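Per chain, numbering begins at 1; letters A, B, ... match sequence-line order. This structure is a prediction, so every number in the text was calculated from the model and none was measured.
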Number of protein chains: 2
Amino acid sequence: MALTARDRLIDAAFELFDERGYDQTTVDEIAARAGAGRTTFFRLFRAKEDVIFPPHEALLEAAAARLSTATAETAGVALTEATAIVLEYYLTEGRRARIRYRLTNAVPALRDREVASMRQYQRLFREFALRWLPDTPAARLHAELLGNAAVTAHNHVLRRWLRGETEAVRAEFADAMAEVLRLHAAGLGPAPAPSTPSPDAASVLVLRTRKDLDRLLPQLERLLE
Amino acid sequence: MALTARDRLIDAAFELFDERGYDQTTVDEIAARAGAGRTTFFRLFRAKEDVIFPPHEALLEAAAARLSTATAETAGVALTEATAIVLEYYLTEGRRARIRYRLTNAVPALRDREVASMRQYQRLFREFALRWLPDTPAARLHAELLGNAAVTAHNHVLRRWLRGETEAVRAEFADAMAEVLRLHAAGLGPAPAPSTPSPDAASVLVLRTRKDLDRLLPQLERLLE
DNA sequence: TACAGTAACGGTACTCAGTTCCACCGCGAA
DNA sequence: TTCGCGGTGGAACTGAGTACCGTTACTGTA
């Protein structure tokens, strides 16, 4: 099966933006290289900028679906994993994520769009946090802070990876989210301090191979003594 | 002294946007009502959107100036007051702040611009927080979280005021910033919360006791094989 | 096979934001 | 007066985004 027009347009856009830069590329040129018409481009993408951004609608839906299964006890894990869905998408993008990162740093319009799209996730997470909180002004502030903190942790770790500062993205993200949840522990759900970690907590470990475990075990035993 | 062309353009823009809406108003119409030319508009404002937004450059400078006087002991107060400078500007705007709030809620392009401009403050506050923190990955995350939290607290309270949900903006903002600083106390300045464990690997693995490790180890080994 | 309905496609022309170039005006200095 | 010179506005241009419309390709139906 041949690539869809949508895929061809995305390919063409990344190629051209990478070669000449964003402002130096017109929508006509993208459409031409993709063998499509201008009209088709704007039917498939609301604006020129949209062609290089992740499918945030789909990611938002996936994240919302993950959140919908949470209980008060697993809220922290759910938030972590919902955020991880977005992170995983970026990780699968490889080369494109790097091109986009360079472009968003260079072109103000793209950076603005990127920043603005984060707002959607913040809202989703805020509404999620509000489920477990009383309807008070203080709680609404807490919910907003937590939602923004989750997105901040995500972006922070993602940017480190995009800059080549780390390979252990998933581990760092788990660390960052754990820290976020610890900071906001007072405001969300039952405090994680008590000695019964939920069974889902294992998913936060981000150990991928047996070697990871061997490496971490000595540290763990020392810390837990 | 007559109003400057800049002031007349701002007045005209608020009037027209308020009367007809943002998309239904062209730059030519704004310039015409202000008795100026199109060229003058674009010399004074980089884009159509900019004409209704606060002078963020000046506010950023003022905030930075306030921050520059801080010591490690007064960092929290400095951050609060620097953020308050921005809040105070909005409070002096009165009617215009309300018009802008309605417009930014209705017009995606304006909301995006508004969100993007917040990023400047986040960066300023992050750099400020980094002054008092060691140069470690964990500290950089803390700095970013704190910077974003300060902006979040500001926006949260400001929006409540814009929606008419409160008159006690300054008091609520002080409360919110106090809460933010309390949450991030572990990461900034002298910690008022004594017994908080430092963020280590231990906080990620929700293991709290040696017994937890013994219990989970068999499962882990099985999973990782 | 022919035909009708429908959905996607692509071309054309339009509006308007933003840029560039240039001519003009007022004003102070030599 | 004449020479700059900063501020101004007009005119033309590029390109994003929209509206309209004719054409093509793919369905199901007779």
Side-chain angles (χ1 to χ4, degrees), chain A residues 1-53 55-57 100 103-104 106-117, chain B residues 1-53 56-57 100 103-104 106-114 116-117:
Chain A
M1 159 77 192
L3 290 162
T4 66
R6 182 185 176 84
D7 289 330
R8 292 201 313 275
L9 285 166
I10 294 175
D11 284 338
F14 269 98
E15 287 172 19
L16 286 167
F17 292 166
D18 195 27
E19 292 170 13
R20 317 184 190 169
Y22 180 79
D23 288 329
Q24 286 68 45
T25 305
T26 69
V27 172
D28 286 273
E29 291 168 337
I30 298 170
R33 179 171 297 203
R38 210 179 122 73
T39 314
T40 303
F41 182 96
F42 281 110
R43 202 194 332 272
L44 295 171
F45 305 98
R46 223 169 295 169
K48 180 184 174 188
E49 307 158 359
D50 292 354
V51 73
I52 57 162
F53 282 105
H56 285 302
E57 298 81 9
R100 186 192 304 117
L103 289 169
T104 51
V107 184
L110 296 178
R111 182 176 32 227
D112 288 4
R113 172 62 63 105
E114 171 110 276
V115 172
S117 65
Chain B
M1 156 83 191
L3 289 164
T4 66
R6 182 185 176 85
D7 289 329
R8 293 201 314 273
L9 284 166
I10 294 176
D11 284 337
F14 268 98
E15 287 172 19
L16 285 166
F17 292 166
D18 194 28
E19 291 170 14
R20 316 185 190 170
Y22 180 79
D23 288 329
Q24 286 69 45
T25 304
T26 70
V27 173
D28 286 274
E29 291 167 338
I30 299 171
R33 178 171 297 202
R38 211 178 123 71
T39 314
T40 303
F41 182 96
F42 281 110
R43 186 167 333 107
L44 295 171
F45 305 97
R46 223 169 294 169
K48 180 184 173 187
E49 306 158 358
D50 293 353
V51 73
I52 58 161
F53 282 105
H56 284 301
E57 299 80 9
R100 187 193 304 117
L103 289 170
T104 51
V107 184
L110 295 178
R111 182 174 34 225
D112 288 4
R113 172 62 63 106
E114 171 110 276
S117 65

Rounded to the nearest Å, what distance is computed from the CG atom of residue B:L9 to the C1' atom of nucleotide D:dG9?
13 Å
May I have the distance from B:F45 (atom CZ) to C:dT19 (atom P), rounded to whole angstrom?
14 Å
Using the salt bridge (Lys or Arg N to Asp or Glu O under 4.0 Å) definition, which of the options B:R33, B:R38, B:K48 pairs with B:D28?
B:R38
Classify the nucleic acid contact of B:A31 as base, sugar-phosphate or nothing, counting any heavy atom under 4.0 Å across all strands shown.
nothing
Which heavy atom of A:H56 sits nearest to which heavy atom of A:S117, and what is that distance?
NE2-OG, 3.5 Å
So which heavy atom on B:R20 is nearest to which on B:T25, and how close?
CB-OG1, 4.0 Å
Between B:E114 and B:R100, is the closest basic N to carboxylate O distance under 4.0 Å?
no
With sugar-phosphate taken as primed atoms, P, OP1 and OP2 and all else as base, the protein-contact string of nucleotides 16-26 of chain D at under 4.0 Å (heavy atoms; B, S, -) is BBB--------
I need the CZ-C1' distance between B:R6 and D:dT8, as an integer number of Å.
17 Å
Heavy-atom nearest pair, A:Q24 first then A:E29, reads O-OE1, 3.7 Å
Taking every non-hydrogen atom, the tightest pair across A:L110 and A:I52
CD1-CD1, 4.0 Å
